[in-house]
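Single-structure report; data block below.
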Amino acid sequence: MSITCRTSLVRQAPGKYETATVEVDDPRQDELRVKMVASGLCHSDDHIATGDIPVGTYPFAGGHEGGGIVESVGPNTSGFEVGDKVLFSFLPACGKCRWCATGHSNLCDLGAGLLAGTRWTEDSTRLHLEDGTNVGQMCGISTFSEYTTVAVDSAIKVPQDTNLETTCLLGCAVGTGWGTAVNTGDVAPGDTVIIQGIGGIGANAVQGAAHAGAANVIAVDPVAFKREKAQELGATHAVESMEEATEIAKGFTNGQGADVALVTIGITKPEHVGEAFASIRKQGTVVVTGLGDITEVGVPIPIGELTLFEKKLKGSLFGSSNPKADIPKMLGLYNAGKLKLDELITKRYTLDEVAQGYEDMHAGKNIRGVLVFD
């Protein structure tokens with residue numbers, strides 16, 4: 001049997017999100033069907049609509065940052081009950097592969113199938129149009145759907161008093177940004193840090209750098225509203241350009257440059273990485289978390305500086321976090337008043353307003369838009 005509900009999907013790329021009716025399969029073994037409560041509007045889902053990130057199945061239902069309530073549990077599936085509240089990790093963790101076994105579950109081998117739209121181990125989907133056409137699921141979860149069927153590899157049970165409308169952001173934006181600074185960037189007490197791009201990821205990189213004890217947290221964004229928000233979240237300085245940020249960093253480091261530069265721009269271009277690389281000191285670190293056209297090749301960095309100054313250039317997926325350990329940890333920080341989540345939400349949208357939410361994002365109006373279900 002299946003449930004009929006509404007979802008927001010793109011039929012092709014480039015395209016726009018539109019609301020459609022789908023049938024949601026019953027959960028199989030090691031699966032859950034979840035009634036969604038809320039979902040963040042992440043830039044990565046917009047990359048799906050623009051075609052910057054190609055996917056394997058169209059139509060394709062978006063959303064990979066959300067939380068909901070378990071409606072049904074697949075047969076012979078332990079650890080979950082009907083009525084449980086769950087948050088999703090957009091990165092599944094099998095717990096068995098080399099990466100999971102060595103504490104790098106953000107790189108779990110199951111991630112190879114995130115954009116296929118089908119299940120990790122089989123060529124089938126759990127969402128279908130009413131005429132039977134398969135609908136791909138973003139990261140296997142599709143949180144832009146009133147109901148969704150997901151693998152337990154992607155679900156994390158949370159306490160029943162958890163406010164899912166706010167904590168849904170832990171599934172991507174918060175862990176990615178916070179971890180970019182704390183885990184991948186290894187920001188240390190006293191460091192001078194530049195964060196390039198203050199959206200949903202960059203805002204949390206600001207929080208992470210501040211939590212790690214950075215003495216100087218320099219936020220860079222051309223939008224005044226985002227610079228103001230960065231200072232509310234822990235930035236010590238907020239400027240429009242990397243040129244300004246680099247000069248400020250040099251002023252704190254005897255002319256050397258920043259210890260760490262974090263690239264969290266929504267549409268990252270090679271020149272952004274080059275600017276970050278130019279802003280750091282000897283043995284400094286650049287972390288690239290933002291995405292753009294994922295097929296683009298080439299970054300303008302001087303090989304001499306890379307070699308002779310021992311500068312480091314690193315990528316970061318979900319902030320090098322381990323979702324099933326770090327999402328509960330960040331939930332604890334939020335409950336203790338040490339991590340700001342409510343302040344990240346600029347506006348709430350309905351399912352029919354997903355496309356408008358992304359228009360607002362591109363206009364620089366949102367730190368994070370959140371889709372709230374009835």
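In this chain, residues are counted from 1 in sequence order. Because the structure is a prediction, the values reported are computed rather than measured.
The shortest distance between side-chain heavy atoms of Ser89 and Ile156 falls below 4.5 Å. Two residues are said to be in side-chain contact when any heavy atoms from C-beta on lie closer than 4.5 Å; Thr19 and Thr7 fail this criterion. Between Val260 and Ile194, every side-chain heavy-atom pair lies at or beyond the 4.5 Å cut-off. For the pair His64 and Phe88, the minimum side-chain heavy-atom distance is 4.5 Å or more. Two residues are said to be in side-chain contact when any heavy atoms from C-beta on lie closer than 4.5 Å; Ser142 and Val150 fail this criterion. Side-chain contact between Thr346 and Phe225: present, with at least one pair of heavy atoms (C-beta onward) separated by less than 4.5 Å. Within the 4.5 Å cutoff, the side chain of Leu115 has heavy atoms near those of the Met138 side chain. Under the 4.5 Å side-chain criterion, counting only non-hydrogen atoms from C-beta, Leu317 is in contact with Leu91.
Aromatic ring orientation, Phe144 versus Tyr358: tilted (interplanar angle from 30° to 60°).
Here the closest heavy-atom approach between residue Gly202 and residue Ile195 is recorded as O-CG2, 3.8 Å. Closest non-hydrogen pair, Tyr58 versus Gln12, comes out as CD2-CA, 3.8 Å. Contact record, Cys108 with Ala93: SG-CA, 3.9 Å, taken as the closest heavy-atom pair. Here the shortest heavy-atom pairing between Val217 and Ala209 reads CG2-CB, 4.1 Å.
A salt bridge links Arg368 to Glu65: one of the charged nitrogens lies within less than 4.0 Å of a carboxylate oxygen. Between Lys85 and Asp161 there is no salt bridge, since no side-chain nitrogen of the basic residue lies less than 4.0 Å from a carboxylate oxygen of the acidic one. Of the charged side-chain nitrogens involved, at least one lies within less than 4.0 Å of a carboxylate oxygen, so that Lys157 and Asp84 count as a salt-bridged pair. We find that Arg33 and Glu71 are joined by a salt bridge, their nearest charged nitrogen and carboxylate oxygen being less than 4.0 Å apart. At a threshold of 4.0 Å, the pair Glu122-Arg28 counts as salt-bridged, since one of the basic side-chain nitrogens sits closer than that to a carboxylate oxygen. Between Glu232 and Lys340 there is no salt bridge, since no side-chain nitrogen of the basic residue lies less than 4.0 Å from a carboxylate oxygen of the acidic one. Ion pairing between Glu305 and Lys282 fails under the 4.0 Å rule for side-chain N and carboxylate O. With salt bridges taken as basic N to acidic carboxylate O contacts below 4.0 Å, none links Lys365 and Glu359.
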| task | Could you give me the CA-CA distance, side-chain angles and deciding distance for Lys96 and Asp109, then say whether salt bridge (charged side-chain N to carboxylate O under 4.0 Å, His left out) is met? | result | CA-CA 9 Å; Lys96 302 172 184 176; Asp109 285 342; over 6 Å; no
| When you look at Leu9 and Leu127, which way does the side chain to side chain contact (heavy atoms under 4.5 Å, CB included) test go after all the steps? | CA-CA 11 Å; Leu9 53 76; Leu127 304 183; over 6 Å; no
| field | Full working for side chain to side chain contact (heavy atoms under 4.5 Å, CB included) between Asp52 and Leu291 | value | CA-CA 9 Å; Asp52 281 346; Leu291 288 171; over 6 Å; no
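Side-chain atoms of Asn322 and Ser105 form a donor-acceptor pair, as typed in the model, at a separation below 3.5 Å. Inspection of the Asp46 and Tyr17 side chains reveals no N or O donor paired with an N or O acceptor under 3.5 Å.
Among Thr184, Thr180, Thr176, the single residue meeting the side-chain hydrogen bond (donor to acceptor under 3.5 Å, both in side chains) criterion with Thr289 is Thr180.
Ring centroids of His237 and Phe252 are separated by less than 6.0 Å, placing the two rings close together.
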